[in-house]
Engineer: 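My structure is below; once you've seen it, I'll send some questions.
Please read these numbers as outputs of a predicted model, since none were measured by experiment.
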Amino acid sequence: MSASEASQQANRAEMDPKRLVVVAYLVFGIILTMFLGHIFALVLAQVGVTDTKLIDTWAVSDVLGLIVTAGLGAWSWTNPKSHQVSMEVASELMRVTWPTWEETRVSTFAVVAASIIAGVLLFFIDSFSYKLMVDWLPHMWGKL
C-alpha cells in the first residue's frame, strides 16, 4: 500500500458519516431550491401573479423554493426513518474502496475494445442479413 492510499484510508476512517449526510443534504438542498424556484415561477406565471424581485436577484418564486426545501430538509432530518436510512447510506459509502487510476484506465480500455469488436461483428452480421434478405432470397425465389 502506498503512502497516498494509506493517507486516504486514514482520512476516510476519521470522517463521521453524519458529516457526509449534512454535505449531501446541503448539495441536494441547493439543487432542489433552484429547481423549485423555476417550478414556482412557472406556476405563478400560469396563475397570472407577477413574480416580483424581493432581494437583488431573489424573486418570490425563489424564496418559495427555499422555504419548501428548508421544510423538506428539516422534516427529513428529524424523521427517524429517513435519518436512519441517510446514516446507513453514508456509512456504506465510507466503506467503498474506489479503483485506482490504473484499474480505471485498464477497465475503460477493455470496454472500448469490446465495444469496437461488438460493433464490427454486428456490422458484418447486419450486412450479411441485408444481402440475404434483399438480394439472395428474392433472386432464389424468382427461379422457383
Side-chain angles (χ1 to χ4, degrees), residues 1-140:
M1 179 181 299
S2 69
S4 64
E5 290 174 344
S7 66
Q8 285 177 355
Q9 284 184 353
N11 289 340
R12 204 177 306 138
E14 290 176 13
M15 184 183 271
D16 183 24
K18 189 180 272 191
R19 177 189 246 176
L20 191 60
V21 171
V22 168
V23 169
Y25 272 46
L26 289 175
V27 169
F28 291 134
I30 291 169
I31 294 169
L32 185 62
T33 298
M34 293 183 338
F35 175 74
L36 288 178
H38 290 293
I39 296 297
F40 283 131
L42 291 172
V43 169
L44 290 175
Q46 286 294 320
V47 173
V49 176
T50 307
D51 193 14
T52 57
K53 300 284 183 192
L54 297 177
I55 305 168
D56 207 13
T57 59
W58 284 68
V60 171
S61 58
D62 298 325
V63 173
L64 286 173
L66 179 64
I67 291 170
V68 169
T69 300
L72 287 172
W75 174 81
S76 62
W77 184 261
T78 57
N79 183 350
K81 181 75 173 169
S82 67
H83 188 73
Q84 177 186 1
V85 168
S86 299
M87 294 303 288
E88 288 174 4
V89 168
S91 296
E92 285 299 318
L93 279 175
M94 301 300 285
R95 293 186 208 136
V96 171
T97 55
W98 300 100
T100 64
W101 174 248
E102 183 64 25
E103 292 170 339
T104 304
R105 191 179 62 75
V106 168
S107 298
T108 302
F109 178 75
V111 167
V112 169
S115 298
I116 290 171
I117 291 169
V120 169
L121 286 173
L122 289 173
F123 171 77
F124 284 120
I125 291 170
D126 187 51
S127 298
F128 175 74
S129 299
Y130 178 80
K131 201 72 151 149
L132 178 70
M133 305 260 182
V134 173
D135 292 337
W136 298 338
L137 285 178
H139 181 66
M140 287 182 0

Engineer: Measuring from atom NE2 of H83 to atom OG1 of T78, what distance do you get when rounded to the nearest 0.5 angstrom?
Structural biologist: 9.5 Å
Engineer: Decide yes or no for E103 and T100: does some side-chain heavy atom of the first lie under 4.5 Å from some side-chain heavy atom of the second?
Structural biologist: yes
Engineer: What pairs with K18 under salt bridge (charged side-chain N to carboxylate O under 4.0 Å, His left out), at least two apart in sequence or on another chain?
Structural biologist: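 Salt bridge (charged side-chain N to carboxylate O under 4.0 Å, His left out) check on K18 returns nothing, list empty.
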Engineer: Considering non-hydrogen atoms only, spot the tightest contact between G73 and S76 and give its length.
Structural biologist: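 For G73 versus S76, the nearest heavy atoms are O-OG, 3.1 Å.
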Engineer: Quick one: pull up CG in L64 and CG in L66 and give me the separation to the nearest 0.5 Å.
Structural biologist: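 Between atom CG of L64 and atom CG of L66 there are 9.5 Å.
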Engineer: Could you grab the distance from atom CG of D62 to atom NZ of K53, nearest 0.5 Å is fine?
Structural biologist: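 These two atoms lie 6.5 Å from each other.
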Engineer: Side chains of P138 and V134, heavy atoms from C-beta outward: is any pair under 4.5 Å?
Structural biologist: no
Engineer: Examine distances only and state if a side-chain atom of S107 and a backbone atom of T104 form a donor-acceptor pair shorter than 3.5 Å.
Structural biologist: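 Judged by distance alone, no pair lies under 3.5 Å.
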Engineer: Please answer whether the main-chain N or O of L132 pairs with a side-chain N or O of D135 as donor and acceptor at a distance below 3.5 Å.
Structural biologist: no
Engineer: Of all residues at least two apart in sequence or in a different chain, which pass the side chain to side chain donor-acceptor pair (under 3.5 Å) check with D126?
Structural biologist: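 Residues passing side chain to side chain donor-acceptor pair (under 3.5 Å) with D126: none at all.
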Engineer: How far apart are the C-alpha atoms of V21 and M87, what are their side-chain angles, what is the distance that settles it, and do they pass the side-chain contact (heavy atoms from CB on, under 4.5 Å) test?
Structural biologist: CA-CA 7 Å; V21 171; M87 294 303 288; 3.7 Å; yes
Engineer: With no hydrogens and no angle check, is any side-chain donor or acceptor of Q84 less than 3.5 Å from a backbone partner on K81?
Structural biologist: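 Judged by distance alone, no pair lies under 3.5 Å.
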Engineer: Minimum heavy-atom separation for A41 to S61, with atom names?
Structural biologist: N-CB, 3.4 Å
Engineer: Are F128 and F123 close enough that some pair of their side-chain heavy atoms sits under 4.5 Å apart?
Structural biologist: no
Engineer: Are T33 and T69 close enough that a side-chain donor and a side-chain acceptor fall under 3.5 Å?
Structural biologist: yes
Engineer: Suppose the criterion is ring-ring contact (aromatic ring centres under 6.0 Å, His included): which pairs have a residue in residues 21-65, not counting sequence neighbours?
Structural biologist: Y25-W77
Engineer: Side-chain contact, heavy-atom cut-off 4.5 Å: V96 with E92?
Structural biologist: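 The answer is no, as the side chains (C-beta and beyond) never meet within the 4.5 Å cut-off.
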Engineer: Look at atom CD of Q46 and say whether more than 12 heavy atoms of other residues, nucleotides or ligands are closer to it than 6.0 Å.
Structural biologist: no
